[in-house]
Protein chains: 2
Amino acid sequence: MQSRATRQGRPTYDRDSLLEVAVTVFNERGYDGTGMEELAKRLGLSKSSIYHHVSGKEELLGLAVGRALDALFAGLDEVPDPSATATARLEHVVHRSVEVLAAELPYVTLLLRVRGNSDVEQQALERRREFDHRVAELVTRAAAEGGVRDDFDPHLISRLLFGTVNSLIEWYRPEGGMPVAALADALTAVLFDGLRGRSAS
Amino acid sequence: MQSRATRQGRPTYDRDSLLEVAVTVFNERGYDGTGMEELAKRLGLSKSSIYHHVSGKEELLGLAVGRALDALFAGLDEVPDPSATATARLEHVVHRSVEVLAAELPYVTLLLRVRGNSDVEQQALERRREFDHRVAELVTRAAAEGGVRDDFDPHLISRLLFGTVNSLIEWYRPEGGMPVAALADALTAVLFDGLRGRSAS
DNA sequence: ACGCTAACCGAATGTTCGGTCGGGAGACAA
DNA sequence: TTGTCTCCCGACCGAACATTCGGTTAGCGT
């Protein structure tokens, strides 16, 4: 076995840098709408060279959505204060999810567009459902302890919450000027405090 | 020219009923991921018969997204009380948009997944931008009159608002039990009153 | 200078794609 | 019965698709 820095051969792309470009193109044209020829053109490589790095188009998709899911679950498992209320924990998960989404934007974007056409996509949907399920549990506990209004179904609250978070992929661009922290603060503030400063139903 | 009821020939599908099935399949597999053969199978027709009703795959997409956009703009133009505040009008537009989204769910779903790969898709994106622009204007006026908290950029508020509305396509199914009115009420309540019943930042 | 190997390429593979074509079958008017 | 119209089909086409293969190139260690 040799280290990455001292190996032989001609160094250009490795799996990660290739994946980065591939995911960008997939997000522009859609996974199904992207051909390997278009991908090769954007990489400055020939079509056949791609197969030296990965087994095929589907593996690229698998690597991308896997990375997104790993990051999202890491944010979910990360619990700063075990004695905190479920409500505080929920707010932390939402806030953290915005940061993860921003940090891994292209990968999460691709993940959220998966429709389940292949085995890889089916498995991705499975892991997404697991994520949603654990968030819904957290919302239920937050509602039980009175931290979240109980005039609506916790499952509905959960869906609205992460519907808003996930919708960020449609417009947010980290390089566009708005800092991630500002976005996460605004989103959690609007969702948890309400659009109007005060007022009751 | 003859009327629809007294025409000759063998009646089975017409453009609308064919479109309905096509949009369903497009939403399941994705537009690019759906072949005309798969479409024909689901219609109980041969591939070539589809071309008797429409000029091709792209026209089906155009008809679908056109229908979605027409419905959304109709909801936007519909102003019940011209003397109402911008805030009240905004809340009405959000509420109405949820209803439109539910009523035209498959068509709006397809619209929101368009990426701009063809002329038809580019035009759809253009009309979507026009819609977003007019909503953003409304939010700005609502913020100016003090009906919406002004510690965040109105454009951001606008994106969060319709991000949440649009995210409904990911899970809401009208036949699943929850009435549209209940969903629209819950969404506007959570977004305009806030997740917590009271409390200030 | 030489050998080794990762990285790459051009050309060709079989398959699937959206779309075309000539004709058949049923329904109505005459 | 005959003509005409709508609706539909099987067979087919060129192009684009993902993938494969035999062989070449460029950089590193020796």
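Naming: A, B, ... by sequence-line order, numbering from 1 per chain. This one's a predicted model, so the numbers in the text were calculated from it and none came from an experiment.
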In whole angstroms, the gap separating C1' of dA6(C) from CZ of Arg15(A) amounts to 15 Å
Applying the side chain to side chain donor-acceptor pair (under 3.5 Å) criterion to Ser55(B), which one of Lys57(B), His53(B), Glu58(B), Glu59(B) satisfies it? Glu59(B)
Just compare dG19(C), dT19(D), dC9(C) and give me whichever is closest to any side-chain atom of Met36(A). dT19(D)
Between dA18(D), dC8(C), dG19(C), which one does the side chain of Lys57(A) approach most closely? dA18(D)
Pairing donors with acceptors under 3.5 angstrom, does anything connect the side chains of Thr24(B) and Asn27(B)? no
Check Asp77(B) with Arg96(B), please: is the shortest side-chain N to carboxylate O separation under 4.0 Å? no
Glu37(A) CD to dA18(D) P, in whole Å, measures 9 Å
Lys41(B) atom NZ is separated from dT16(C) atom P, nearest whole Å, by 11 Å
Between Asp32(A) and Ser49(A), who's closer to the 5' end of DNA chain D by nearest nucleotide? Asp32(A)
Within less than 4.0 Å of OP1 or OP2 of dC8(C), is there a side-chain N or O belonging to His52(A)? no
5' precedence on DNA chain C between Lys47(A) and His53(A) (nearest-nucleotide basis): His53(A)
Would you classify Ser55(B) as touching base, sugar-phosphate or nothing, given that sugar-phosphate means primed atoms plus P, OP1 and OP2, and contacts are heavy atoms under 4.0 Å? nothing
Closest to side chain of Ser48(B), choosing from dT20(C), dT19(D), dG19(C): dT20(C)
In whole angstroms, how far is the P atom of dC9(C) from the OH atom of Tyr13(A)? 10 Å
Quick one: Tyr51(A) OH to dC17(D) P, roughly how many Å, whole number? 12 Å
Where the side chain of Ser46(B) is defined as all heavy atoms beyond and including C-beta, which of dC9(C), dC9(D), dT19(D) is the nearest nucleotide? dC9(D)
Do NZ/NE/NH1/NH2 and the carboxylate oxygens of Arg115(A) and Asp32(B) come within less than 4.0 Å? no
For Ile50(B) and dC21(C), what is the distance between atoms CD1 and C1' respectively, to the nearest whole Å? 16 Å
